[in-house]
4 protein chains.
Amino acid sequence: MPKNIIEELIDQNDHLTEKQRLILEAAVESFAEKGYAGTSTSEIAKKAGVAEGTIFRHYKTKKDLLLSIVAPVMTKLIAPFIIKDLNKVLNQDFERVEDFLRAMIINRAEFLNANIPLFKILIQELPFQPDLQKQLKEQIALKIYEKTKEITLHYQKNGQLLEMPPYRIVRMTATSIFGFLLGRYILFPEFDWNDEEEIEATIQFIMYGLARKGEAPEQA
Amino acid sequence: MPKNIIEELIDQNDHLTEKQRLILEAAVESFAEKGYAGTSTSEIAKKAGVAEGTIFRHYKTKKDLLLSIVAPVMTKLIAPFIIKDLNKVLNQDFERVEDFLRAMIINRAEFLNANIPLFKILIQELPFQPDLQKQLKEQIALKIYEKTKEITLHYQKNGQLLEMPPYRIVRMTATSIFGFLLGRYILFPEFDWNDEEEIEATIQFIMYGLARKGEAPEQA
Amino acid sequence: MPKNIIEELIDQNDHLTEKQRLILEAAVESFAEKGYAGTSTSEIAKKAGVAEGTIFRHYKTKKDLLLSIVAPVMTKLIAPFIIKDLNKVLNQDFERVEDFLRAMIINRAEFLNANIPLFKILIQELPFQPDLQKQLKEQIALKIYEKTKEITLHYQKNGQLLEMPPYRIVRMTATSIFGFLLGRYILFPEFDWNDEEEIEATIQFIMYGLARKGEAPEQA
Amino acid sequence: MPKNIIEELIDQNDHLTEKQRLILEAAVESFAEKGYAGTSTSEIAKKAGVAEGTIFRHYKTKKDLLLSIVAPVMTKLIAPFIIKDLNKVLNQDFERVEDFLRAMIINRAEFLNANIPLFKILIQELPFQPDLQKQLKEQIALKIYEKTKEITLHYQKNGQLLEMPPYRIVRMTATSIFGFLLGRYILFPEFDWNDEEEIEATIQFIMYGLARKGEAPEQA
DNA sequence: AATGAATGAGGATTCATTCAT
DNA sequence: AATGAATGAATCCTCATTCAT
């Protein structure tokens, strides 16, 4: 079960040659490091150990190469964030919101950690690729909204979550989780993180906020 | 009282020519739209209605032009943290954390709203500009952390905030605020936002989390 | 047996493309005519019948192109001093100084005549290319001086040359030979020269200024 | 009695402003150091401490500036080499060739020493300025030939010089003197020269190659 | 399929020159 | 006379892309 999307891409596409694999890997590394516009195809060719022409035999243009990398990320990285784990929740695997959140954070953290370069590329190029923006907004965001509404309603019905528009609950939860992951893996990866403690604190925060009150429920 | 940094730049630097203003404005627009590496100087010149050589009379290199735009954002970004807000907190101008947060969110929202293109540029170029990274990490982030630590300790002492490492409180608060601002101004600006309600909900979330409990305090 | 250095370059480097040959020839012609700084790469490309980019595929920079032309001149310039002529002198192939000088003049005249454009380039660019200056002074000049010192000492020992610091004998001989070659091939090539007579006169001039003869007047 | 040609230029042209002087001096320095094509007008302006536009108020083009420097050198530096000192000789100030040569060498050495930058410029630019070449060949060279013929004939008549075409005697003499000056002031100025000894040796070299003596071996 | 030499449009930057002040 | 901001052509060089091998 490969977590790395590039490996998945290669595994799933049997027709991919060795050279194509090398090109893809080199491109991911370079794009993540210097950005799409800041990376030259000759650089990629050199890093991949192939001739310049070989790249264009497999990818019609440089942008084609980028899209062949980024597009799968969109569907593989973001969609599952919501969809795959959602089923477990709906199947009652997690009675409490806390448990759902914990599973989600750990799962996504592993996933992000295995795909950091891809993530960087996605974030960097989104603003300049209207195609991707559209795809992200219309397909992914829509799915998220529909599915999370179900989750939210589920936990709201059994009294675990406040009555609040689902989009807002999703935003706040996602924001808090992503804020943690961003600091953990992108901004300060060199910091000495105590992952378990930090994850529990994040869950606590999402659930019970920051206020200290005498009558507050059990806090960590 | 202009909130827009480019306007401030022009107002404060009397020696800035009309041409320089045009160049700066064109550069901001282009960089925000297509990224630094994706924008050519000839493009900027054309958009500014200026000869290409004129750009290089005022900014030695293209990167110089970028830095003259981005650097001020970094310092202006943290100005209120350092100068105004800490004193207000210590002077009891904000007795309750909620009030402090509300002021902060509104203040930063205004700032962000007035400088969206600059922000996009800053975020896009940070990964590729080690200069900026260093400046941000060593100077800006450190100052923010020191000041927010003081604020946090202040509210922890008078019992309004949980006992928790300040960096974590700062992260969670910042994450939640930035998550709101991101959705509001960058990702879905066209959505019909009820700003006041959303801000109050964000404050509530930071303070009291998402859990519904019988003994929970008054919720919005 | 090509005397022309460019031809040698091409003959010796089998990997040199047709295009590279054209570029080299065009560059030599242009540099000799208008100087290095006065020649544009687009000009060279046009004259060579090649795309401008092709130049930079073979020579990383314009200066690289210059050096690839000039550097060989420096080494070929001294080849006969080092390799052939010294041995001939020591082996008594040239019993008399006159014979050695005659051989040297003819040899260098042929060489110069076959490489006039290269020579012009070398002389023109020396003052502005510290690399070349250093190379010339430290490597070439030193080797020439060492070898010529040996030759001088040889002829001084057998009584054919005056007792005088070798550097001075070298200077005066070189000066006289180079003075002839300069007039003959660079300054007044269109003049109707009687080569044999001029060479003999030059030898005579050198000799009967340097020759030690009993009847000579007071010498310094 | 200024020996420096630039000073002379300024002294003789009363209409030259302070700024023009500064420009001329800066241009001479820069051209000598980096060549005409390698020097930018803005560089000259900065070194002269004037505005860029000021240069073009006084010299219509960059080449105009060069010619205003180089042209006088041609007439002042080379013509006097022959003409001025010639009169002394013809006036019998120097009975012996040796004395004439000594006076000539010393005079020209001083002159060259005072005008090294100008000299470098002249030599560097001659190959690329057909105007100057023509001027040099037709005017200067012609005068040289006429005048030196007189000198040569004079000393040939009174038996001090060999019977030989005057151009050849001039070439060999000039070559030897210039060879010394070149080494002394241009190539190896940092070397510890014993000027007097070197000059005498040069004279001896010239003389006892050219002198007609009963005991001399067969001459051409 | 793979190569890599060749291309030429386009990139950032420089520069001689102009002109309004 | 002097300035220096402005110009835009030209410079060196890079790069995505093509194509003969």
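Keep in mind that what you see is a predicted model, and the values were worked out from it rather than measured. Hydrogens, waters and symmetry mates are skipped; everything else that's a heavy atom, side chains included, is used. Below, chain A is the first sequence line, B the second, and so on; all start at residue 1.
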From [atom1] of [X] over to [atom2] of [N], roughly how many Å is that when rounded to an integer?
X: I23(A); N: dA16(F); atom1: CD1; atom2: P; value: 14 Å
X: I55(C); N: dC15(F); atom1: CD1; atom2: C1'; value: 16 Å
X: H58(C); N: dG4(E); atom1: NE2; atom2: P; value: 14 Å
X: K19(B); N: dT7(F); atom1: NZ; atom2: C1'; value: 9 Å
X: Y59(C); N: dT11(F); atom1: OH; atom2: C1'; value: 20 Å
X: L22(A); N: dT3(E); atom1: CG; atom2: C1'; value: 15 Å
X: L66(A); N: dA16(F); atom1: CG; atom2: C1'; value: 14 Å
X: K34(B); N: dG10(E); atom1: NZ; atom2: C1'; value: 13 Å

Any T17(C) side-chain N or O less than 4.0 Å from OP1/OP2 of dA5(E): no
Check: [Y] main-chain N/O paired with [X] side-chain donor or acceptor under 3.5 Å:
X: K47(D); Y: E25(D); result: no
X: S68(A); Y: L65(A); result: yes
X: Q133(C); Y: L126(C); result: yes
X: T54(C); Y: V50(C); result: no

Quiz item: cation-pi between K62(A) and Y36(A), 6.0 Å / 45°: yes
Donor + acceptor pair across side chains of E52(C), S42(C) (<3.5 Å): no
Partner nucleotide, any strand, of dA20(F) [Watson-Crick/G-U, under 3.5 Å]: dT3(E)
Sugar-phosphate or base contact per nucleotide [nucleotides 13-21 of chain E; S, B, -; heavy atom under 4.0 Å]: BBSBBB---
